[in-house]
**Q** 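Pasting a structure below so you can have a look.
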Amino acid sequence: MRAETMRCARPLGRRGRRHVLAGIALLVAALLPLSTAGLAMARPASGAGDRISLSSNVEQLSVRPCLPETIRLGITNNGSKAEFVDVTITAEQPLQASKPGVTTYVPAHSTVEVSIRISATIDAAAGTYDVGFHTGRSETLHVPITVVTSSPDTRCLPRENMTATATSAQASPDYGPRFAIDGTDTTMWHTQYSPVRDILPQAITLDLGGSYDIAELVYQPRTSGNLNGTITAYTIYGSADNQTFTELTEGTWAADRTRKTAAVDAMAVRYLRLEAREGVGGYGSAAEIVLYGKPA
């Protein structure tokens with residue numbers, strides 16, 4: 001028994017050591033795929049990176065003061081489970097976002113789009129600024145916004161001082177003339193269409209609340225539904241006393257939803273009238289009217 005025990009404890013020869021090393025190598029090779037697979041499954045999803053990603057319909061955007069533009073933010077869930085996603089929105093001054101953030105439900109392997117309105121303040125200086133979208137984890141999207149101004153002494157007129165009247169308006173709380181100067185293009189002024197239709201020409205008149213030199217009128221047609229009321233032929237008048245109106249300019253616009261502009265050269269005007277001579281469906285409407293100029 002003692003002799004056998006001593007033989008077992010005898011040091012391995014060169015051939016024995018080679019066999020042992022070969023056995024260890026085979027064991028490591030067999031275990032290595034299992035170890036690698038475990039690391040791959042445990043790899044973090046980049047905070048929100050691989051699972052939640054953000055995108056935009058534009059790489060950059062230009063805005064004019066008082067004329068907001070829309071960014072369509074895409075929130076993509078690349079994961080296998082649906083989840084609620086919080087996105088914080090930061091806008092560098094003088095930019096303003098229509099909301100400070102959004103929370104939305106995003107199904108697995110799906111993208112949800114959210115519209116964000118970006119505007120610049122009345123006194124915004126020309127330049128490029130940043131709007132950021134953050135998931136609160138590691139995913140951040142930045143969109144550069146360029147503010148474009150006409151000239152240092154020409155700015156949009158403050159709508160807070162304005163009032164509006166019209167020769168015709170649909171008898172509804174949603175279509176009064178004040179909605180043409182409320183700062184949002186989701187509301188509108190519309191000429192009467194029921195119970196009877198008021199025939200064009202019809203006009204909307206803005207009391208600017210002070211005397212201004214007017215350089216430009218921007219007209220935003222209705223942005224939803226059909227195109228009825230989109231003004232296609234117009235005349236613009238100005239007055240200092242709301243009694244005597246002088247024709248400033250006239251022209252035509254395309255029958256679509258794009259913003260329209262009209263150059264105006266008017267001095268010391270307090271009342272500005274936009275007359276719809278022709279419009280889609282025989283109606284007149286305006287989602288928003290914005291004026292640019294300076295105090296007289």
Side-chain angles (χ1 to χ4, degrees), residues 62-70 93-96 98 117-127 129 145-167 169 175-190 202-223 231 234-251 253 258-276 284-296:
S62 296
V63 299
R64 295 181 64 186
C66 303
L67 289 177
E69 301 289 348
T70 298
Q93 289 292 335
L95 301 178
Q96 297 175 336
S98 58
R117 302 285 280 171
I118 304 297
S119 59
T121 58
I122 289 178
D123 57 353
Y129 305 90
I145 308 294
T146 300
V147 174
V148 180
T149 58
S150 302
S151 65
D153 61 345
T154 299
R155 296 179 176 178
C156 58
L157 275 55
R159 62 175 63 91
E160 294 82 4
N161 300 332
M162 296 183 188
T163 57
T165 57
T167 58
Y175 296 117
R178 71 182 184 280
F179 291 115
I181 55 172
D182 65 352
T184 174
D185 58 14
T186 58
T187 60
M188 66 175 169
W189 159 69
H190 198 292
Q202 301 292 338
I204 181 171
T205 301
L206 308 184
D207 178 351
L208 309 182
S211 184
Y212 292 90
D213 297 340
I214 308 299
E216 182 183 7
L217 178 146
V218 178
Y219 164 65
Q220 174 62 64
R222 63 190 300 174
T223 58
I231 299 172
Y234 65 90
T235 303
I236 299 174
Y237 302 87
S239 173
D241 58 7
N242 204 25
Q243 299 296 321
T244 302
F245 282 83
T246 302
E247 180 178 324
L248 303 175
T249 187
E250 64 176 4
W253 286 320
T258 61
R259 285 188 184 135
K260 327 294 183 186
T261 61
V264 181
D265 185 10
M267 307 293 289
V269 168
R270 171 157 183 166
Y271 300 89
L272 191 113
R273 176 172 294 168
L274 172 61
E275 181 184 70
S285 69
E288 200 68 16
I289 299 172
V290 178
L291 301 176
Y292 288 85
K294 61 183 179 179

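FYI, the numbering just counts along the sequence from 1. Quick caveat, the model's predicted, so the values are computed rather than measured.
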**Q** If you measure from OG1 on T121 to CD on Q93, what distance do you get to the nearest 0.5 Å?
**A** 7.0 Å
**Q** Is any side-chain heavy atom of V290 closer than 4.5 Å to one of R159?
**A** yes
**Q** What closest approach, in Å, do T154 and A215 show between heavy atoms, and which atom pair accounts for it?
**A** CG2-CB, 4.4 Å
**Q** Can you name the closest pair of heavy atoms from L248 and V264 and give their distance?
**A** CD1-CG1, 3.6 Å
**Q** For the residue pair R273 and A203, what are the closest heavy atoms and their distance?
**A** CG-CB, 3.8 Å
**Q** Less than 4.5 Å apart, any side-chain heavy atom of Y212 and any of N161?
**A** yes
**Q** Would you say M267 and D213 make side-chain contact, with heavy atoms under 4.5 Å?
**A** yes
**Q** If you take all heavy atoms of T149 and A124, which pair is closest and at what distance?
**A** CG2-O, 3.5 Å
**Q** Within the 4.5 Å heavy-atom criterion, are I214 and L208 side-chain neighbours or not?
**A** yes
**Q** What class does the angle between the rings of Y271 and F245 fall in, given that below 30° is parallel, 30 to 60° is tilted and above 60° is perpendicular?
**A** perpendicular
**Q** Could you pull out the closest heavy-atom pair between V269 and G238, with the gap in Å?
**A** CG1-CA, 4.1 Å
**Q** Starting at CD of E250, measure out to OH of Y234 and round the result to the nearest 0.5 Å.
**A** 8.5 Å
**Q** Could you check whether the rings of Y219 and W253 sit parallel, tilted or perpendicular, using 30° and 60° as the cut-offs?
**A** parallel
**Q** If I take atom OG from residue S119 and atom CD1 from residue I145, how far apart are they, to the nearest 0.5 angstrom?
**A** 10.5 Å
**Q** Quick one: pull up SG in C156 and CG in L291 and give me the separation to the nearest 0.5 Å.
**A** 9.5 Å
**Q** Holding to side chain to side chain contact (heavy atoms under 4.5 Å, CB included), I want the full list of residues that pass it with T244, two or more places apart in sequence or in another chain.
**A** D241
**Q** Would you say that D123 contacts P94 through its side chain, given a criterion of any heavy-atom pair below 4.5 Å between the two side chains?
**A** no
**Q** Closest approach of A287 and D182, non-hydrogen atoms and distance?
**A** O-OD1, 4.5 Å
**Q** Taking atom OG1 of T163 and atom CD1 of I181, what is their separation to the nearest 0.5 Å?
**A** 6.5 Å
**Q** Pick out which of I231, I289, T167 makes a side-chain contact (heavy atoms from CB on, under 4.5 Å) with I204.
**A** I289
**Q** For the CG atom of L272 and the CE atom of M162, what is their distance to the nearest 0.5 Å?
**A** 9.0 Å
**Q** Between K260 and P221, is there a side-chain heavy-atom distance shorter than 4.5 Å?
**A** yes
**Q** Is the shortest heavy-atom distance from the side chain of Y292 to the side chain of R155 under 4.5 Å?
**A** no
**Q** Among E216, E69, E288, which residue satisfies the salt bridge (Lys or Arg N to Asp or Glu O under 4.0 Å) criterion with R259?
**A** E69
**Q** Taking atom types as modelled and ignoring hydrogens, do the side chains of S150 and R64 form a donor-acceptor contact shorter than 3.5 angstrom?
**A** yes
**Q** Any heavy-atom pair between the side chains of R270 and N242 that's under 4.5 Å?
**A** no
